[in-house]
Amino acid sequence: MIKFLPRLLYKTLCILAGLIVLIWSCHPENPVISEKSILSFSLDNVATNRVVIKKETKTIEIIVPYGTILKDVKPRIETSANVTIVPQSGEAQDFSKTVYYTLIGQKGDKEIYTVKVFSQEQPLPVISSFSKDSIEAGTGFSIKGLNFGMFPLAITLSLQDISGKVRR
């Protein structure tokens, strides 16, 4: 019985070692990513405040500063290996509306990503200076500041006479 136990233990250890070598040799060093996904997304010559890639919902949300021109913008897109993307990275798009990208795997299977770009709200106007403290009829003046928006001529100015009555 004593001779039998070491022999059984030896055979078990040899089989176990063989299984470990077999399993280890089948494990690739660089596993192939079979998932079709967008890994990174950016817009050429456009400042972005935030880019969020949601793989679960296949959506990309980008926030840009107020007043950013989003027409004819070229994206830079990095995808997982062995994936073709349509339209291609670097192909100009109009991001003022929703843009769709199709990822095509090696076997022809497809996934569609939706890209939405949101512009931040217009910042509040800031008046930094006036050219005159008081105005008489027929005289000019200037107002200087920031964030008057896309239509600065639409600014409404209210003037107050010496009695306190507001004039427009």
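Positions are given from 1 along the sequence.
- Between atom CG of residue D94 and atom CD1 of residue I69 there is a gap of 11.5 Å, rounded to the nearest 0.5 Å.
- Using bins of under 30°, 30° to 60° and over 60° for the plane-to-plane angle, the ring pair F95/F41 lands in the perpendicular bin.
- Taking all atoms of both residues into account, the shortest heavy-atom contact from P75 to S89 is O-OG, 3.5 Å.
- Side-chain contact between T48 and S42 is absent, with no heavy-atom pair separated by less than 4.5 Å.
- Taking CZ of R50 as the reference point, atom CZ of F118 lies at 9.5 Å (rounded to 0.5 Å).
- Counting heavy atoms from C-beta outward, Q120 and I63 have side chains that approach closer than 4.5 Å.
- Counting heavy atoms from C-beta on, the side chains of T114 and K116 come closer than 4.5 Å.
- Considering every non-hydrogen atom in both A47 and P65, the closest pair reads O-CD, 3.2 Å.
- The closest donor-acceptor contact from the side chain of T79 to the backbone of S37 lies at 3.5 Å or more, if one exists at all.
- Dense packing is recorded around CG of D44, with more than 12 heavy atoms of other residues, nucleotides or ligands lying under 6.0 Å away.
- Residues E91 and Q93 form a side-chain contact, since some pair of their non-hydrogen atoms from C-beta on lies under 4.5 Å apart.
- Of all the heavy atoms in A92 and D72, the pair that sits closest is CB-OD1, 3.1 Å.
- Atom-to-atom distance recorded for N49:CG and T68:OG1 is 8.0 Å, nearest 0.5 angstrom.
- Salt bridge present: E111 and K36 bring a charged side-chain N and a carboxylate O closer than 4.0 Å.
- Applying side chain to side chain contact (heavy atoms under 4.5 Å, CB included) to I104 and the options V83, I85, V86, N82 leaves one that passes, V86.
- Using a 4.5 Å heavy-atom cutoff, the side chains of L43 and K74 are not in contact.
- Put simply, OG on S96 and NZ on K71 are 5.0 Å apart, with the number rounded to the nearest 0.5 Å.
- Using a 4.5 Å heavy-atom cutoff, the side chains of T84 and L103 are not in contact.
- Ion pairing of K54 with E61 is present here, as a side-chain N (NZ or NE/NH1/NH2) and a carboxylate O approach within less than 4.0 Å.
- Partner of V115 under the side chain to side chain contact (heavy atoms under 4.5 Å, CB included) criterion, out of I77, T98, I60, V51: I60 alone.
- For CG of L39, the number of neighbouring non-hydrogen atoms (other residues, nucleotides, ligands) closer than 6.0 Å is greater than 12.
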